[in-house]
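Below is one structure, written out as structure tokens; comments come after it.
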Amino acid sequence: MSEERYNFRTVEEKWQSEWEKEKAFKTDEKSDKPKYYALEMFPYPSGKIHMGHVRNYAMGDVVARFKRMQGFNVLHPMGWDAFGLPAENAAIKHGVHPAKWTKENIAAMRKQMKKMGLSIDWDREVATCDADYYKHEQRVFLDMLKRGLAYRKDSWVNWDPVEQTVLANEQVVDGKGWRSGAPVEKRKLSQWSLKITDYADELLNELDNLDGWPEKVKLMQKNWIGKSTGAYLYFPIVGKNETLEVFTTRPDTLFGASFCAISAQHPIALELAKTNPDLAKFIKECEALGTSAASVETAEKKGFDTGLKVEHPFAEEFKKLGGNPELPLYVANFVLMEYGTGAIFACPAHDQRDLDFARKYGLPVRVVVAHKDEGEPVVTDTAFADIEDGVAVNSAFLNGLPTKQAIPAMIKKLEEIGRGKATTQFRLRDWGVSRQRYWGCPIPVVHCEHCGIVPVPEKDLPVLLPEDVVFDGNGNPLEKHPTWKHTVCPVCGKPALRETDTFDTFFESSWYFARYCSPTLADKPFDKDIADRFLPVDQYVGGIEHACMHLLYARFFTKVLRDCGYLNVGEPFKGLFTQGMVCHETYKDADGNWLFPGEVDKKPDGTAVKVSDGSPVTVGRSEKMSKSKYNLIDPEDILKNYGADAARLFVLSDTPPDRDFEWTTAGIDGAWRYVNRLWRLAQTCPAETKKPETLTKEADKLVRLTHKTIAAVTENLEKLQFNVALAKLRELTNAVADMKTDDDAGKYAYRFAFESLTRMLAPVAPHACEEIWHEVFGQKDLIALAAWPAADKAFLVDDAVTIAVQVQGKLRGTLEYAKDGDEEALKQLAMQIPAVKAQIGDKPVRKIIVVKNRLVNIVV
RNA sequence: GCGGAUAUGGUGGAAUGGUAGACACAACAGACUUAAAAUCUGUUGAGGCUUGUCCUCGUGCGGGUUCGAGUCCCGCUAUCCGCACCA
């Protein structure tokens, strides 16, 4: 206590080992306290934690510690999303085995995370690449197979013809393989899919019950599921005994049809390409875009006229309206095979994409929807796609019908003549879980020539990954393994082949939150009773980038687990919070090369120079920290030089947690100074003083402020408004520092306020607060397990309030007035303010609006 | 392209439709010091003059609703996130 400077290194180390020794954060499954499950999205073990992790885990840890102090039995676990591509890339590049690479990365990251002082029950740690973990999901997969939820389906993949390997979307750069540089091809593979679409309605409907989720995420999931009602339409192909089936949400625009278009992967296109080399070439061109929807839809719209014609379902009427009932059929690069039927009919006047395409290829544009008030639109470069205020025109039997009635009217007519039928379509597609990769969970089935696909019997689980594999960047290492895939059929006993695909890593992350409930249970994924007690997760914290895929897959998986009898809950995450990214300024030297922050010396005027030679540096805007832009700050350095408390304080201060956060040196310096200031205030904290009969005015003010701060901070933390909570705590800190301690009232108030402050800061800066708790307040037990302070309501309201006085809604003065005081007298007082009088002048007062205890507004 | 979000001083941001700028950073001035660091005190949205308990303007841009709009509504612009094999 004699040290002037706070030594965070010894203090942080001391309490971290103390917490570990005491098993302070171990979750007692038998506790009768109410449970609280706090969870952050588990990390991929890349080898080092980054600032995004620091921000994420700081938030989750504050929630966990806050709830623990509020008396909850908190479950706060951590683990590793340990399968995935980077380990395999490292194996190809550096020759290190994925298992070894992953294990070492986990050890390094665990060490860093422990230095953050997170209140985690490390006894529950899981790594998804352990057979003890993945064997359970093999069993769940067999359940899915039994229930018909897992099935084989042809899917398109990016194929690198040089590496003979399937590429991930991120491995396709400008239509070429990132290592080989060869133009990618699309290949159709028979792969495992899960019927998430069976659950589409439930996934959609239950969003309404997820009150603890941000509206934006629920909206994104709703749009991702994309339930839309519309119709299938049938267009006979002229001169052939075939019919083109299309899906549309706007059958009411059928009389505006201009052409039909099919995807480059549509069976008709593939068939025609066999005898048409130009079309084959065009399809190749489309394939070079890869399989990602974004690249397909942002590419310049291109088409290829197949020469085929399709017949309009209402050929007679269409002819009478001046249309040519034989519509050209194009292959178009923007039509997705995965959605609907892979074929569309195009109405350029009322769909922007169709219009762009029609203009390019000189196809007709027929207006068939008018605005109900403004009449027929003039379509030049902008399609009129409004459905709220549209009315059908130039459309035979639909004329005059508002769009919303025209749609069902058209469907009814189509059904009558057998040229279409109503349907509900989901944008959501079944979840393709097959990956042609080594570093993943083996899919537990056997392909037998005689018996077909045979599940591996439960007694033979787990199907283990072989360790002796070769990584040369060519093909799937599992497929190429000399012996591994050769086995015998569990049914007939004849030689058979193992499935060499592994699971998508989203499979592991879809149920890890349940595994934490029973992390070491050998014969089952988790104990049903314990899972039912601790699930759903009360507060889940992670990045917004997972809004659709991970969060939807986890919801789906939970429902499947429920239906297979593993647990009773149907939704995994009761509360969800999505934090923003961590950003930093970017720097480039005169030659345009990126520079690390450490290579740059910033001047007070905002300009910057290179440390090495003083040459000028261009300061770019703040962007998401990334390796490619060199704008990284290593948490390791920060923890070493400033300590965990300062780092945690900084990432939670100033910026709302859901927004992007800008890392600055000034900011971390400021947080570090605050920890030191707290320490100095601790040094001057008076010894325990009996509460005097009456408090001085100043002491009373501080006590009141303390209670108000407790109330505000409690509310802010419940809402995860860490930045606002910390601002309030700063205010209280300033008030404590201003408190004179030359009388007993002052001594009492100081100590009371400072003790409350210490408790409230404990979740954010746990080490410093623990030290103060023991050294200044002489406590024997941990502050981590102490009680959260309670605000006394009697101190929350003041006798006098400040009333704003406005004229015409503009502030002209303020008044101190008794709380809930007489309104008539208040009005008179307000009128007496000179500035108010001056504003009113000789204008008559029309009315006076009084908002109780807040303001008076005089309208003249 | 489609879907989702964001925009307030020099900077990060605060603000149940009711006193815009809390809290912090930076900057400037002062105290302490041989000096620096640290610390403490003060000033700090812009403009104006009559320097006041003053006036005008001000929350990305253009409109609207209201006694009153950063907040609600309509239309833009810019930036960010996701788009199904990165996790």
Side-chain angles (χ1 to χ4, degrees), chain A residues 4-5 41 43-44 46 81 84-86 155 157-158 166-172 214-217 219-220 222-224 226 291-299 301 334 338 352-353 356 427-437 504-506 509 543-550 552-553 578 580-581 583 604 606 621 623-624 653-656 658-662 664 666-667 669-671 673-674 676-677 680 721 723-724 726-731 733-734 737 802-814 833-835 838 846-849 851 854-860:
Chain A
E4 181 62 27
R5 241 322 149 61
M41 291 179 183
Y44 179 79
S46 57
D81 189 11
L85 264 189
S155 320
V157 295
N158 300 309
V166 176
L167 297 178
N169 282 337
E170 72 157 6
Q171 297 176 314
V172 179
E215 285 305 319
K216 63 175 172 185
V217 177
L219 192 54
M220 283 161 95
K222 188 179 168 221
N223 291 335
W224 184 267
T291 56
S292 103
S295 62
V296 171
E297 291 178 22
T298 48
K301 284 163 195 52
F334 62 89
E338 289 82 11
Q352 193 60 45
R353 277 188 306 190
D356 296 344
R427 205 190 73 100
L428 180 69
R429 304 200 297 262
D430 277 340
W431 175 14
V433 291
S434 279
R435 297 291 181 271
Q436 292 70 42
R437 318 220 179 269
D504 176 7
T505 56
F506 277 124
S509 57
I544 183 72
E545 66 272 19
H546 293 292
C548 293
M549 305 182 66
H550 161 61
L552 199 63
Y553 292 146
T578 56
M581 296 175 305
C583 302
R621 64 183 187 81
E623 292 185 61
K624 179 182 179 175
S653 305
D654 299 346
T655 304
D658 55 343
R659 264 205 243 162
D660 287 353
F661 175 87
E662 192 182 346
T664 59
D669 284 343
R673 281 200 302 266
Y674 179 67
N676 283 287
R677 185 172 185 219
R680 282 195 307 276
Q721 296 170 324
N723 58 322
V724 188
L726 283 168
K728 299 272 189 246
L729 291 173
R730 288 267 198 168
E731 257 176 292
T733 308
N734 292 341
T802 307
I803 307 278
V805 180
Q806 300 178 331
V807 179
Q808 306 291 77
K810 282 198 173 185
L811 183 75
R812 296 299 168 185
T814 58
I833 297 172
R846 279 232 321 265
K847 66 174 163 178
I848 302 177
I849 292 157
V851 181
R854 293 217 76 136
L855 67 73
V856 177
N857 186 18
I858 297 157
V859 186
V860 295

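- Within the structure, a side-chain polar atom (N or O) of R659(A) is placed less than 4.0 Å from OP1 or OP2 of G13(B).
- With a cut-off of 3.5 Å on both pairing distances, A20(B) has no Watson-Crick or G-U wobble partner at all.
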Could you list, one pair per line, each protein nitrogen or oxygen that sits under 3.5 Å from a nitrogen or oxygen of nucleotides 85-87 of chain B, together with the distance?
from: C85(B); atom 1: OP2; to: R435(A); atom 2: NH2; distance (Å): 2.9
from: C85(B); atom 1: O4'; to: R435(A); atom 2: NE; distance (Å): 3.2
from: C85(B); atom 1: O4'; to: R435(A); atom 2: NH2; distance (Å): 3.4
from: C85(B); atom 1: O3'; to: N169(A); atom 2: N; distance (Å): 3.4
from: C85(B); atom 1: O2'; to: N169(A); atom 2: N; distance (Å): 2.7
from: C85(B); atom 1: O2; to: R437(A); atom 2: NH2; distance (Å): 2.4
from: C85(B); atom 1: N4; to: Q191(A); atom 2: OE1; distance (Å): 3.2
from: C85(B); atom 1: N4; to: Q436(A); atom 2: OE1; distance (Å): 2.9
from: C86(B); atom 1: OP2; to: N169(A); atom 2: N; distance (Å): 3.3
from: C86(B); atom 1: OP2; to: E170(A); atom 2: N; distance (Å): 3.1
from: C86(B); atom 1: O4'; to: E170(A); atom 2: OE1; distance (Å): 3.3
from: C86(B); atom 1: O4'; to: E170(A); atom 2: OE2; distance (Å): 3.3
from: A87(B); atom 1: OP1; to: L85(A); atom 2: N; distance (Å): 3.0
from: A87(B); atom 1: O3'; to: D81(A); atom 2: OD2; distance (Å): 2.5

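- Using a 4.0 Å heavy-atom distance criterion, M41(A) is classed as making no nucleic acid contact.
- What separates CD of E297(A) from P of C2(B) is a distance of 9 Å, to the nearest Å.
- Judged by Watson-Crick or G-U wobble contacts below 3.5 Å, the nucleotide U50(B) has no partner.
- Within the 4.0 Å cut-off from OP1 or OP2 of U16(B), not a single side-chain nitrogen or oxygen of R854(A) is found.
- No donor-acceptor contact under 3.5 Å links the side chain of N223(A) to the base of G3(B).
- If you check the side chains of T505(A) and Y44(A), you find no donor sitting under 3.5 Å from an acceptor.
- Of the side-chain N and O atoms in N857(A), none sit less than 4.0 angstrom from OP1 or OP2 of U19(B).
- We find that CG of D658(A) is positioned 10 Å from C1' of A5(B), with the value rounded to whole Å.
- In this model, no side-chain donor or acceptor of Q808(A) finds a partner on the base of G68(B) within 3.5 Å.
- If you check U6(B) for Watson-Crick or wobble pairing at under 3.5 angstrom, you find it paired to A78(B).
- Base pairing of C28(B): its partner is G42(B), meeting the Watson-Crick or G-U wobble criterion (both donor-acceptor distances under 3.5 Å).
- Of the candidates V860(A), N857(A), V859(A), V859(A) is the only one forming a side-chain contact (heavy atoms from CB on, under 4.5 Å) with K847(A).
- Within 4.0 Å (heavy atoms only), I833(A) reaches no atom of the nucleic acid at all.
- Below 30°, between 30° and 60°, or above 60°: for F506(A) and H546(A) the angle between ring planes is above 60°, a perpendicular geometry.
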Starting at the 5' end of nucleotides 47-56 of chain B, put B wherever the base has a protein heavy atom under 4.0 Å, S where only the sugar-phosphate does, and a dash everywhere else. --------SS

